[in-house]
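We count ligands from 1, going down the list as the structure has it; atoms in each ligand are counted the same way.
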Amino acid sequence: MTHLKLMGHGYPPLLSHQIHGVWGSHGVWSSHPSPCPSFTFLRNRICGGNCSSPLAFQLLLHPWHHASLHVHSGGGGGFCLQKLHSLRFSRGCGRCLGGGRIVCKSAQLPSASSATAVMREDRIDKLVDRVETTSVVQDWEEEKEMRMVMKELVDHIVPEALAWASLNGLVVGDKSIKGSGTNVGLGMVHAPLSLFPTSFPQNAFMQAVQLATDFNILIDRVSQDTQFLQEALASTQKVDSFTARLLDIHSQMLEEGLKQEIQLGLHRSDYMLDMATGSLLQVEINTISSSFAGLGSLISKLHRYLIERYGDAFGLKVENLPENNAMDAFAEALALAWKEFGDTSAVVLMVVHKEEGNMYDQYWLALRLWELYPQKVIRRTLAEVAAEAKLRDRQLFIGEQAVSVVYYRSGYAPADYPSEAEWMARLLLERSSAVKCPSISYHLAGAKKIQQELAKPGVLERFMPDREVARKVRKSFAGLWSLEGEGSAQVIEEAISNPQAFVLKPQREGGGNNIYGADVSTTLRELQKDEEQQGLLAAYILMQRMFPTISSSYLLRNGIWSLEDTVSELGIFGTYLRNGHNVVLNKEAGHLLRTKVSNSDEGGVAAGFAVLDSPYLT
Ligand code: ADP
Ligand code: HGS
């Protein structure tokens, strides 16, 4: 009999549950003796007693392997499985499951007749085992009661959490209130958040943290290789007018011989824990307008507060919460750049959107900068910069106010340049002696095409000659492909025939631009239609689709909570400052965990797909 330690979100830890059986996937069989399991995994659902729908839950056979288990009773009815978050078989290699047992609970059919174990491998269900199941009604009553207790507990905790969030500035503009994105203090609502932190393997978290300073250096070195940037983006430039305008500004700076001696990077590298490969893989690195260093630090504080107060009820401990200094680390980097610039009368200019739902994340940085250093931050849109900015011997002035640092929280999307005025403003800022964050070369170094080019054999190693460092960085690279040149026809065919395994990405930032699922093949087919269309392939890169581990989380939006199956994306902030040859700052600068419902393709918080969360290291 195997004894298991069951961990999971939303439920107090359940210890030593007996495994009685493994279950068959819903109605699909193929007889194939004892395959070695490597699977896609199926979701679990809570039915809360009415067991009409077929159910499944994941069984963690090996840190990265899952079994897909369905209940399939002889009588055709569904069984209600206890919600088991993830199970760890502490048995041998874990690769070969062999027979196993799970307690099956059913509100309707107290005693199941039989169940069949099927492992899903490469989308094929393979018969593993056929077992007798037993069900324990009494446990189910216990379970139902526990759910009621949990619901009451969560109902009790939510107002406490939301009070904390409101009182501590963990807020965003409420989109349903007119003017909430323009009038500060008007129409605030708590930021979308997860009530509890989400478990994240400590080793993967540390791997991501340890990559931050390497990526800071990589971005800096790539940004200085003007030929590499221009060549890597040359074909994109022909078919993507936005990237072309950014490249034009880059070329203009080269032609005018205007170099930015002081480089400031406020980056966020995003990762997913890909279940199929068991690896921590980089989604992308943001080198412009990396948001949520402010609110990301606050959600960590909220979770620490909630676990200090209610952790016992959930078996959660504050020791498992990593410190998160993102807000102060960003403020420190901005202050050091101001100091390096060396004009104490100058201020930091934050380039923002006219309407900004995430202004409090931005104001938090400005407030910390004032509290810690003290330095002033002024906010202007690109249009206002166009109207108010001027250069005197390259010194940037907004009106009569000298500017030392330009920090972009806008300017990363075509919509930020509705007219030539905004482009002229961007060019003027780039020509100025102010420290731009990012400079145009840092902005381009963060493009998805550059991410893909660096993944090509030997390219990363050109910028990271230290073999061990290059090996470490390359290990975090997911599959990335160009749609042009050698090998592209084959990967395009593969993506058309198996679109679920890929994501098609244009050179865009800010969320909502990528293409997923069946749309990948539709778009690729469309782009292959004729020569002209084929030219547009250069606007995209193809990326391996990652399937993160599924958790379940209490998501809070607009004061309402719901228990959902979720996946998470870990962002690690990095701060970097170089003045000429002198690297003043190169740090890992805290983290952000964004959690979304598991069947969502896109992942942005501001775009409404994800919520703010924090990692619970396990
Ligand atoms: P953007 O710069 O627009 O934010 P991203 O590349 O970060 O674009 O993608 C946006 C979201 O799409 C991510 O937050 C993530 O949720 C999802 N995503 C992106 N790439 C992948 C991938 N390779 N596999 C799975 N999900 C992905
Ligand atoms: C701001 N409104 C990013 N930045 O960090 N996206 C999310 O906050 O200043 O919503 O999940 C702007 C991108 C993740 C944020 C938003 C990198 C923005 O979208 C800036 S380009």
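- The immediate protein surroundings of ligand 2, defined as residues with any heavy atom under 4.0 Å of it, consist of Arg268, Asn286, Ile288, Ser289, Ser290, Ser291, Phe292, Glu356, Asn358, Gln362, Arg409, Tyr412, Glu509, Gly510, Arg594, Gly604, Val605, Ala606.
- When Glu284, Met546, Glu602 are checked for heavy-atom proximity to atom 4 (O) of ligand 1, Glu284 turns out nearest.
- Annotation for Lys472: atom NZ counts as buried by contact number, over 12 foreign heavy atoms lying within 6.0 Å.
- For ligand 1, the atoms sitting less than 4.0 Å from at least one non-hydrogen atom of Lys596 are 16 (O), numbered in the order shown with element in parentheses.
- Considering backbone and side-chain atoms together, Gln544 places an N or O closer than 3.5 Å to an N or O of ligand 1.
- Per-residue contacts place Glu569 under 4.0 angstrom from the following atoms of ligand 1 (heavy atoms of the residue considered): 13 (C), 14 (O), 15 (C), 16 (O).
- In the candidate list Phe502, Tyr516, Tyr412, Tyr516 is nearest to atom 17 (C) of ligand 1, counting heavy atoms.
- No hydrogens or angles considered: a donor-acceptor pair under 3.5 Å links the side chains of Ser439 and Ser441.
- Residue contacts with ligand 1 include Val283, since one of its heavy atoms falls under 4.0 Å from the ligand.
- Ring planes of Tyr442 and His267: tilted class, angle from 30 to 60°.
- Close contacts of ligand 1 with Lys448, meaning ligand atoms under 4.0 Å from a residue heavy atom, involve 1 (P), 2 (O), 6 (O), 8 (O).
- Backbone and side-chain nitrogen or oxygen atoms of Asn514 are examined, and one is located within less than 3.5 angstrom of a nitrogen or oxygen of ligand 1.
- Residue contact annotation: Ala478 has no non-hydrogen atom under 4.0 Å from ligand 1.
- Contact check on Glu332 versus Arg368 returns no salt bridge, with no Lys/Arg side-chain nitrogen under 4.0 Å from an Asp/Glu carboxylate oxygen.
- Looking at Gly512 next to ligand 1, no N or O pair under 3.5 Å apart turns up.
- Side-chain atoms of Lys449 and Gln452 form a donor-acceptor pair, as typed in the model, at a separation below 3.5 Å.
- Between Phe573 and Phe330, the ring-plane angle classifies as perpendicular under the 30° and 60° cut-offs.
- Checked by distance only, ligand 1 and Gly604 stay at 3.5 Å or farther apart across all their nitrogen or oxygen atoms.
- No donor-acceptor contact under 3.5 angstrom links the side chains of Gln207 and Asn203, judged on distance only.
- Using a 4.0 Å cut-off between charged side-chain N and carboxylate O, Lys175 and Glu355 make no salt bridge.
- For ligand 1, the atoms sitting less than 4.0 Å from at least one non-hydrogen atom of Gly510 are 1 (P), 2 (O), 3 (O), numbered in the order shown with element in parentheses.
- Residues Thr566 and Ser551 bring no donor and acceptor atom of their side chains to less than 3.5 Å of each other.
- A donor-acceptor contact under 3.5 angstrom links the side chains of Ser235 and Glu484, judged on distance only.
- Contacts classified as salt bridge (charged side-chain N to carboxylate O under 4.0 Å, His left out) and involving residues 596-615 (residues at least two apart or in different chains) are given here: Arg545-Asp601.
- A cation-pi geometry, defined here as NZ or CZ lying under 6.0 Å from the six-membered ring centre and within 45° of its normal, holds between Arg426 and Tyr408.
- Residue-ligand proximity, Arg508 to ligand 1, at heavy-atom distances under 4.0 Å covers atoms 2 (O).
- The nearest non-hydrogen atom to atom 19 (C) of ligand 1, considering only Lys505, Gln507, Met543, comes from Lys505.
- Taking any N or O of Asn286, backbone or side chain, none lies under 3.5 Å from an N or O belonging to ligand 1.
- In this structure, Arg379 is positioned above the aromatic face of Tyr363, its NZ or CZ under 6.0 Å from the six-membered ring centre and within 45° of the axis.
- Within the 4.0 Å heavy-atom cutoff, Asp601 counts among the residues contacting ligand 1.
- Note that the CG atom of Leu585 and the CG atom of Leu577 stand 6.0 Å from one another [nearest 0.5 Å].
- Between Phe547 and ligand 1 there is no heavy-atom distance shorter than 4.0 Å.
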